[in-house]
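Here is the structure we will look at.
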Amino acid sequence: MVNANDVKSLYDLVNKFFLSNFSESDNVQNVFGINKNVLYEILNKVEQRKEYFRIFHNINISEFKQIALTVFWTLKLKPIFLKYNDELVENDYEIKDPVRDYVSINEAFGIYMIIHGLRALKENSDNNSSNKRISDFFTNDYIYELRYTFYYRDISKESMILLVETIAKAVGYEPYSCG
């Protein structure tokens, strides 16, 4: 079952995402909010799916599937939100490119979770995949395409699982021997 530490870990990952992708001058703590209730719901949905596979298929899902499901529910439930306080409303900006602007912040976080998850699995395994291989795979063009797809297109849970497993295979994992 999901507990407070699980939610805190995901909350900390969102903050790490902010630190990795924004400078202090962007003032993201005042611009964005993180809904902890939604983080709990995301993790709960992943747990429910794990239970479904365990009960009805007698299998434990892999870390790759867990990453994919967490990303899927993040894209659906959008735990990161743009705060609309008086200052931001008065100084609102024109959205020129939703794929690069704040409106697709949850999609950007989803990509970050995939990259972070792959790197974390690499560090906890004997896999020969390197950070360089992961970095080389996630070019700016590919990140743009993923963010665009996550923002504008419909992706099922099963498609997201296949996408993450395919990325994992491309960077040197054997995702089908872990499930």
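To the nearest 0.5 Å, atom NZ of residue K65 and atom CD of residue E165 are 3.5 Å apart. The line from CD1 of I42 to CG of D6 is 13.0 Å long, rounded to the nearest 0.5 Å. Rounding to the nearest 0.5 Å gives a distance of 10.5 Å between CZ of F109 and CG of L75. We find the CD-CH2 distance between E41 and W73 to be 8.0 Å, quoted to the nearest 0.5 Å. Annotation: the span from Y151 atom OH to I105 atom CD1 amounts to 12.0 Å, rounded to 0.5 Å. The distance from atom CG of L162 to atom CD1 of I167, rounded to the nearest 0.5 Å, is 10.0 Å.
Ion pairing between E51 and K45 fails under the 4.0 Å rule for side-chain N and carboxylate O. Checked for salt-bridge contact, K16 and D12 miss the test: no charged N lies under 4.0 Å from a carboxylate O.
I143 approaches I111 most closely through the heavy-atom pair O-CD1, 3.6 Å. Of all non-hydrogen atoms in M113 and I67, the two that sit nearest each other are O-CG2, 4.1 Å. Shown here for R147 and S104, the closest heavy-atom pair between the two residues is NE-OG, 2.7 Å. Considering all non-hydrogen atoms of both residues, S20 and Y112 come closest at OG-OH, 3.6 Å. Considering every non-hydrogen atom in both Y173 and L121, the closest pair reads OH-C, 3.6 Å. Taking all atoms of both residues into account, the shortest heavy-atom contact from S156 to F72 is C-CE1, 3.7 Å.
Proximity of a side-chain donor or acceptor of N35 to a complementary backbone N or O of P79 within less than 3.5 Å is not detected. In this structure a side-chain-to-backbone donor-acceptor pair under 3.5 Å is missing from S159 to I155. Panel note: side chain N21, backbone F17; a donor-acceptor pair is recorded below 3.5 Å.
When hydrophobic clusters are built by joining Ile, Leu, Val, Met, Phe, Trp and Tyr residues whose side-chain heavy atoms come closer than 4.5 Å, directly or via intermediates, V46 is not grouped with M1. Connection of F81 to V38 is not established within any shared hydrophobic cluster, with ILVMFWY side chains joined at heavy-atom distances below 4.5 Å, either directly or through further cluster members. Under a hydrophobic-cluster definition in which Ile, Leu, Val, Met, Phe, Trp and Tyr are linked whenever side-chain heavy atoms come within less than 4.5 Å, directly or via other members, V14 and L82 are assigned to the same cluster.
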Derivation of the side chain to side chain contact (heavy atoms under 4.5 Å, CB included) call for V71 and F150
CA-CA 10 Å; V71 171; F150 289 172; 4.3 Å; yes
Take L146 and L163 through the test side chain to side chain contact (heavy atoms under 4.5 Å, CB included) and record every step on the way to the result.
CA-CA 10 Å; L146 276 178; L163 174 67; 3.9 Å; yes
Starting from the C-alpha separation in whole Å, work towards a yes-or-no answer on side chain to side chain contact (heavy atoms under 4.5 Å, CB included) for I114 and F64.
CA-CA 9 Å; I114 294 169; F64 303 107; over 6 Å; no
For side chain to side chain contact (heavy atoms under 4.5 Å, CB included), just list the numbers for N15 and I34, CA-CA rounded to whole Å, side-chain angles, deciding distance to a tenth of an Å, and then say yes or no.
CA-CA 9 Å; N15 282 312; I34 306 164; 3.8 Å; yes
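Evaluation of the salt bridge (charged side-chain N to carboxylate O under 4.0 Å, His left out) test over residues 107-118, restricted to residues two or more places apart or in two chains, returns K78-E107.
Taking the six-membered ring for Trp and thresholds of 30 and 60 degrees, H57 and F53 have ring planes inclined between 30 and 60 degrees apart. Note on ring orientation: taking the six-membered ring where Trp is involved, the planes of F22 and F32 are tilted (angle from 30° to 60°).
Side-chain atoms of L69 and M160, non-hydrogen and from C-beta on, never get closer than 4.5 Å to each other.
Surrounding NZ of K157 are more than 12 heavy atoms belonging to other residues, nucleotides or ligands, all under 6.0 Å away.
Side-chain contact of R54 with N60: a donor-acceptor pair under 3.5 Å is absent, judged by distance alone.
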